Amino acid sequence: MESVCCACAGDLAKADEIVCNGFCKSSFHLQCVRLTTEIRDTVAGCSQLFWMCNACKKMMDNARFRQAITSTNNAMQAMADDQNKVLDELRKEIALNTTKINTILQRTPLSTTPRIPLSQQITNSRKRPRLIIPDETPQRNNATEGTRDVQVDDSIPLAAAKKEKLFWLYLSGFDPQATTSQIVKLVKSNLNTDKTVDVVKLVPKGKTLEELTFVSFKAGINIELKDLALSSSTWQKGIKFRPFDFQHNSNARTFFRFQPTPGGVQSQ
């Protein structure tokens, strides 16, 4: 692509072109700047000669501009000198530390144990211990078809089953002869659940069932059934219920004796 003359904005070819060696680095027609090919070739053939356009020459004639250029060049040279000095100090420091490290390595005996690559260490750490089962032919019968007898080390602790979280409900107003099994059946039926229900009969200390007009129970049910258990529509008329307050009944064993008793459930 042909360049454009900075003086006339016309296209110019290499044979008729001269480039300013000043600040603009622009191209001109030889005719536009009143130069001949001989002058251009002379400037190009001598590294100590260079040609400026009129605009760059005017800037160089300005004393303030020359002073600013000189100051900038001096500042850049000073920065370059400072950088070189810092680099030299870093090289010396690195060389000194390298010498110290080599001296320490020479004094410290190296381990003869082969080094395991990091990737292999990660792979080995992810492997789980395998349960080795003796290669014995298991005895099978009709009851254990498809199963295998495995000896388990009793010293290995097994994970404990997750304990179900219970909500304890206070139920009262029952006949003294009511049994815990009957209350369990009542609670499961009213709550429409097959989950485990723990029931404890509460009898005041020093009292016999013959002296009581009614007895109370505390029932442990699944926490998910709490809202249903506290609904008045869940229980028959005559049954009193509320959350069992362990803090209020912290001394329950002082006032109650817990025992299953025979008898029927009577609820009005």
Side-chain angles (χ1 to χ4, degrees), residues 1-132 153 155-160 162:
M1 180 177 178
E2 296 182 348
S3 57
V4 177
C5 176
C6 191
C8 66
D11 295 336
L12 53 80
K14 290 289 184 182
D16 192 27
E17 176 187 17
I18 188 169
V19 179
C20 176
N21 294 119
F23 305 102
C24 66
K25 305 298 180 184
S26 302
S27 299
F28 298 88
H29 285 119
L30 293 175
Q31 184 179 359
C32 291
V33 292
R34 299 179 182 180
L35 294 177
T36 63
T37 57
E38 290 79 11
I39 295 176
R40 181 191 64 181
D41 295 340
T42 301
V43 172
C46 183
S47 59
Q48 296 177 344
L49 295 177
F50 68 95
W51 174 83
M52 280 189 198
C53 66
N54 290 332
C56 292
K57 178 179 178 299
K58 288 180 180 179
M59 285 191 294
M60 285 300 297
D61 289 341
N62 190 319
R64 292 184 178 179
F65 181 78
R66 287 200 311 271
Q67 184 178 2
I69 293 295
T70 302
S71 299
T72 302
N73 289 336
N74 293 338
M76 294 180 64
Q77 185 62 42
M79 291 176 60
D81 294 340
D82 292 340
Q83 290 180 353
N84 292 332
K85 184 182 297 184
V86 172
L87 289 176
D88 290 339
E89 293 178 356
L90 287 176
R91 293 189 187 98
K92 293 179 181 179
E93 188 70 22
I94 293 173
L96 180 61
N97 291 335
T98 302
T99 303
K100 292 180 179 180
I101 293 173
N102 291 334
T103 303
I104 294 173
L105 291 178
Q106 291 176 359
R107 295 177 180 178
T108 305
L110 299 178
S111 175
T112 57
T113 304
R115 182 178 180 274
I116 302 176
L118 180 60
S119 58
Q120 185 176 351
Q121 294 179 16
I122 297 175
T123 303
N124 294 339
S125 64
R126 292 178 180 175
K127 291 183 178 179
R128 296 183 177 179
R130 298 173 57 188
L131 177 62
I132 301 177
D153 189 354
S155 62
I156 302 177
L158 300 178
K162 185 177 180 180

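What you see below is based on every heavy atom in this structure, not just the backbone, and it leaves out hydrogens, waters and symmetry mates. Numbers for residues simply follow the sequence, beginning at 1. Values in this document were obtained by computation on a predicted structure and should not be read as measured data.
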Over 12 foreign heavy atoms within 6.0 Å of CZ, Phe50: no

Donor on one side chain, acceptor on other, Asp81 and Gln77, under 3.5 Å: yes

Sub-4.5 Å side-chain heavy-atom contact between Cys6 and Ser27: no

Asp61 with Lys57: basic N within carboxylate O range, under 4.0 Å: yes

Interatomic distance, Leu35 atom CG to Leu30 atom CG [nearest 0.5 angstrom]: 6.0 Å

Contact summary for Val4 and Leu12, nearest pair of heavy atoms: C-CD2, 4.0 Å

Of Thr103, Ile104, Leu105, the residue whose pairing with Ile101 passes side-chain contact (heavy atoms from CB on, under 4.5 Å): Leu105

Gap between atom CG of Asp16 and atom CZ of Arg40 - 0.5 Å precision: 7.5 Å

CG on Asn21 to SG on Cys53, rounded to 0.5 Å: 10.0 Å

Distance, nearest 0.5 Å, that separates CG of Leu90 from NZ of Lys92: 11.0 Å

SB check Asp88 Arg91 (cutoff 4.0 Å): yes

Pairwise distance CD1(Ile69) to CE(Met60) - rounded to 0.5 angstrom: 8.0 Å

His29 and Cys5, any side-chain heavy atoms less than 4.5 Å apart: yes

Minimum side-chain heavy-atom gap Phe28-Glu17 below 4.5 Å: no

